[in-house]
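Atom set for the values below is all heavy atoms of this structure, side chains included, hydrogens, waters and symmetry mates excluded.
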Amino acid sequence: SSSAPGNPKYSLQSLRDGRTRATFDVPADLAPRLASVPIVSNGGIFELFIASDDNDDALVAPTDKGTARLCVEFYSPKPERTAGAIAERLAARMDDPSPPGMEETCTVS
């Protein structure tokens with residue numbers, strides 16, 4: 001389990017197909033909103049999902065009350081670095097949970 005100060009705590013798990021799953025502890029009330037928009041970082045787009053008993057291979061321990069777990073799966077030669085960058089984006093979203101939508105941040109001229 002790792003994190004920089006101010007960033008959500010996370011853990012990494014190696015999956016059989018070579019991908020890595022990063023699992024982030026976030027406030028439960030923010031989890032649906034945090035998971036609703038992909039994280040864009042280091043040239044990648046990362047789709048988050050909320051871990052639950054319905055995710056048959058989520059493999060996460062129970063959380064404290066008021067905490068949810070967001071997961072993302074990705075390929076990376078440096079998974080710790082990738083997870084750290086995602087954690088930074090999540091921390092920024094937790095500070096401002098209603099940032100502009102993708103259509104407002106990515107303009108094509």
Side-chain angles (χ1 to χ4, degrees):
S1 190
S2 303
S3 74
N7 289 352
K9 187 173 89 172
Y10 65 87
S11 60
L12 298 176
Q13 174 188 3
S14 295
L15 302 176
R16 287 185 216 159
D17 61 2
R19 292 177 300 152
T20 298
R21 175 180 292 139
T23 303
F24 301 88
D25 291 344
V26 300
D29 60 329
L30 294 179
R33 192 174 300 176
L34 292 171
S36 68
V37 178
I39 297 285
V40 179
S41 178
N42 298 331
I45 298 174
F46 301 93
E47 298 276 348
L48 299 159
F49 63 93
I50 299 171
S52 73
D53 293 337
D54 296 334
N55 304 130
D56 56 336
D57 64 346
L59 300 176
V60 294
T63 61
D64 295 331
K65 189 170 185 167
T67 302
R69 294 223 164 100
L70 289 182
C71 300
V72 61
E73 297 175 358
F74 55 85
Y75 290 101
S76 175
K78 298 179 181 177
E80 186 75 34
R81 188 171 160 187
T82 301
I86 294 168
E88 287 177 17
R89 294 337 179 262
L90 283 172
R93 285 192 188 171
M94 287 189 293
D95 288 341
D96 181 10
S98 52
M102 292 293 288
E103 68 281 353
E104 295 170 353
T105 58
C106 299
T107 56
V108 179
S109 53

So which heavy atom on [X] is nearest to which on [Y], and how close?
X     : Y     : value
Gly6  : Ala91 : O-CB, 3.5 Å
Pro8  : Asp25 : CB-O, 3.3 Å
Ala31 : Ala68 : CB-CB, 3.7 Å
Phe74 : Ala22 : CE2-CB, 3.8 Å

Spacing of CG belonging to Asn7 relative to CD1 belonging to Ile86, to within rounding of 0.5 Å: 11.5 Å

Nearest-0.5 Å distance that lies between atom CG in Leu34 and atom CZ in Phe24: 11.0 Å

Sidechain-backbone polar pair: Arg93 side chain, Arg89 backbone, donor-acceptor under 3.5 Å: no

Backbone N/O of Thr23 and side chain of Arg69: donor-acceptor pair under 3.5 Å: no

For Ser76, side chain to side chain donor-acceptor pair (under 3.5 Å) partners two or more places apart: Thr82

Sequence-distant partners of Asp17, salt bridge (charged side-chain N to carboxylate O under 4.0 Å, His left out), two or more places apart: Arg19

Side chain to side chain contact (heavy atoms under 4.5 Å, CB included) evaluation trace for Thr20 with Leu15: CA-CA 6 Å; Thr20 298; Leu15 302 176; over 6 Å; no

